[in-house]
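Report on the following structure.
Atoms within a ligand are numbered from 1 in the order they appear, just like the ligands themselves. Every value quoted in this text rests on a predicted model; they were computed, and no experiment measured them.
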Amino acid sequence: MTDHFDTIVIGAGVMGSAAAYHLAKDGRRPLLIERFEIGHTLGSSHGESRIFRFAYNNPDYARLAMQCLPHWRALEADSGERLLEIIGGLDLTHDPAHYPDVEAVADALSQVGARFEQLDAAQIATRYPQWRLGDAAQAVFSPDSGFLRATRCVQVLVAQAAKYGATVREREPVTEIIPGQPVEVITAAGRYRANHLIITGGAWINELIRFVGVQLPVQIEQEQVTYFTPLRNAESFRRDRFPIFIHWRSPITGYGFPIIDTPGVKVGFHHEGHFIDPDIPRQPRDEATQRVWAYVREHLPDAAGAPFEPTACLYTTTPDQNFVIDFAPDFDNVVICSSCSGHGFKFGAGIGRALADLVEHGATEMNIGHVRMRTFARQFAD
Ligand SMILES: Cc1cc2nc3c(=O)[nH]c(=O)nc-3n(C[C@H](O)[C@H](O)[C@H](O)COP(=O)(O)OP(=O)(O)OC[C@H]3O[C@@H](n4cnc5c(N)ncnc54)[C@H](O)[C@@H]3O)c2cc1C
């Protein structure tokens, strides 16, 4: 028995869930298929928080983030649930070698007309005494940064998609795709046909897109975030006093969040370089916890109490750390979205809009020109 849908979306991470939400809201009655349960912790979209920011060192991403904000707010209005908190954010460095990175953030924000402030070491020390960065520190403060409640975003997107008529199948891995018109998708439990297909497989993207003759040069990294119980001055790590941060430094960029619901400051490193096979069961690594704890002791000493709840998560990273969102080179009814490279979540609601637009109109007003990579994808086709 084969069911026919207008569009099938594979993968219920933030990207696939958002695509299904927009398609359903547009009256397309899509089918969303997820191999694990909705909101699972084995991919890239789970956890208490993800950074939202316009503050990029690339104006294209800054522009895209600005376009995504109203889509998150519309989802909140639709669902009646608060998902995005704007509390401000800092791009910091204490290393002159990284001044150009922080300056590039200021430059990009200026180009897109976003608000920001540049802070020197004395201003950082006065406004944010939680930080130990030394006399060479520089920062850009963006009042438009904040955090998204990640797992809730995915759950709400899926619930709203279902409310508008999407069919949701969880714990149903896709095992084969037969491209064509209609496209056929075979899972462990059934066979489905559709006019259009959107593939958002996260770390498993290449297993899925091989059926449409494409492979992407992505690497899968296990990343980790860890909470730290403040040793003293816990109130100084509240969200109204401690903005989200990105700390540009060598050898690895740090980032983190104030205390939200979990009673600790959450800190991680961006691109740990721990490459893995996503199908092999994984655990947080003590070595990674110890490394980030040493970092917190050095730069945020009041926060450096006992680490807890280390959580593993996956980055799917392209060589230039850009996303890939495009039609499959040989199939105009198949759209591929591999949007991680460790910074995709904030765009989820807007990328979902873009994916729905590509299916519905063949084009989108969302600013994804810089990640439309038909040539790039073809270059790596089998
Ligand atoms: C530790 C960490 C911190 C991060 N911090 C930030 C941040 O602060 N800000 C930010 O913007 N971004 C951040 N990111 C990146 C962001 O979370 C990702 O870009 C985003 O979640 C990717 O979503 P996705 O939908 O592409 O992938 P996923 O969430 O992995 O979703 C893909 C889905 O496809 C499913 N799937 C795969 N194969 C099949 C199959 N055969 N059949 C059915 N289903 C299948 C998977 O099970 C999965 O649910 C972070 C990521 C990590 C890991």
Side-chain angles (χ1 to χ4, degrees), residues 8-20 31-53 55-56 61 64-65 68 72 84 89 145-148 150-151 153-154 157-158 169-177 185-189 198-211 218 220-226 244-246 255-257 266-272 278-279 284 288 292 310-318 321 323-325 336-352 355:
I8 295 174
V9 181
I10 303 177
V14 68
M15 303 305 168
S17 306
L31 168 64
L32 174 64
I33 309 176
E34 167 55 49
R35 68 188 291 174
F36 302 119
E37 77 280 0
I38 301 301
H40 68 88
T41 60
L42 295 169
S44 303
S45 297
H46 58 283
E48 181 183 41
S49 54
R50 289 287 186 282
I51 291 174
F52 180 88
R53 60 189 159 104
Y56 261 82
Y61 283 108
L64 182 59
C68 292
W72 286 117
L84 170 60
S145 298
F147 62 87
L148 286 150
T151 298
C153 288
V154 173
L157 283 163
V158 174
R169 297 255 192 271
E170 51 185 334
R171 299 187 191 85
E172 194 171 324
V174 169
T175 53
E176 192 179 348
I177 297 165
V185 173
I186 301 169
T187 72
I198 296 174
I199 306 176
T200 70
W204 295 268
I205 190 76
N206 275 337
E207 283 179 26
L208 292 162
I209 62 178
R210 72 191 163 98
F211 293 112
V218 290
I220 314 304
E221 283 170 88
Q222 176 174 326
E223 302 292 329
Q224 189 171 312
V225 289
T226 306
I244 62 99
F245 70 87
I246 295 177
Y255 66 92
F257 300 79
K266 188 171 105 171
V267 184
F269 285 139
H270 189 50
H271 293 294
E272 289 266 8
D279 289 324
V292 79
T311 306
C313 182
L314 301 178
Y315 279 8
T316 305
T317 307
T318 58
Q321 298 184 15
F323 308 158
V324 177
I325 303 174
I336 294 168
C337 171
S338 179
S339 272
C340 187
S341 293
H343 62 116
F345 201 99
K346 67 185 72 60
F347 305 105
I351 287 180
L355 294 170

Side-chain ([X]) to main-chain ([Y]) donor-acceptor, under 3.5 angstrom:
X	Y	result
E37	E170	no
S341	T318	yes
S45	V14	yes
Q224	G268	no
W72	K346	yes
S17	A12	yes

Examine [X] against ligand 1 and note whether any of their N/O atoms are separated by less than 3.5 Å.
X	answer
G43	no
G344	yes
E172	no
C337	no
Q224	no
F345	yes
Y315	no
H40	yes
S45	yes

What atoms of ligand 1 come closer than 4.0 angstrom to any heavy atom of [X]?
X	result
L314	53 (C)
P173	42 (N)
L208	38 (N), 39 (C), 41 (N)
G201	32 (C), 34 (O), 37 (C)
F36	47 (O)
G202	27 (O), 30 (O), 32 (C)
T200	32 (C), 33 (C), 34 (O)
I33	43 (C), 44 (N)

- Query: Counting only heavy atoms, which portion of H343 has something under 4.0 Å from ligand 1: side chain, backbone, both, or neither?
  - Reply: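 Only the backbone of H343 comes within reach of ligand 1.
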- Is V154 touching ligand 1 with its side chain, its backbone, both, or neither, if touching means heavy atoms under 4.0 Å apart?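 Contact part for V154 vs ligand 1: neither.
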Of all the non-hydrogen atoms in the protein, which one sits nearest to [atom], and at what distance?
atom	result
atom 31 (O) of ligand 1	G13 CA, 3.2 Å
atom 47 (O) of ligand 1	E34 OE2, 2.6 Å
atom 50 (C) of ligand 1	R50 NE, 3.4 Å

- Anything under 30° is parallel, anything over 60° is perpendicular, the rest tilted; go ahead and classify H343 against Y61.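 Answer is perpendicular, since the angle exceeds 60°.
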- So between C313, G256, C153, whose heavy atom ends up nearest atom 52 (C) of ligand 1?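 Shortest heavy-atom distance from atom 52 (C) of ligand 1: C313.
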- Task: Would you indicate which of Y255, W204, Y61, F257 comes nearest to atom 3 (C) of ligand 1 when only heavy atoms are counted?
- Result: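 Answer by nearest heavy atom: Y255.
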- Task: Answer yes or no on whether R50 is positioned over the face of F52, meaning its NZ or CZ is under 6.0 Å from the six-membered ring centre and within 45° of the axis.
- Result: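 Checked: cation-pi criterion not met.
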I want to check something: taking the side chain as every heavy atom from C-beta on, are [X] and [Y] in contact at a cut-off of under 4.5 Å?
X	Y	result
P173	E207	no
I336	I205	yes
L355	V9	no
I199	F211	no
W204	T316	no

- Query: With a 4.0 Å cut-off on heavy atoms, does G342 reach ligand 1?
  - Reply: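 Judged by the 4.0 Å heavy-atom criterion, G342 does count as contacting ligand 1.
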- Sole residue of E34, H46, R171 in side-chain hydrogen bond (donor to acceptor under 3.5 Å, both in side chains) with H40: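 Result for side-chain hydrogen bond (donor to acceptor under 3.5 Å, both in side chains) with H40: E34.
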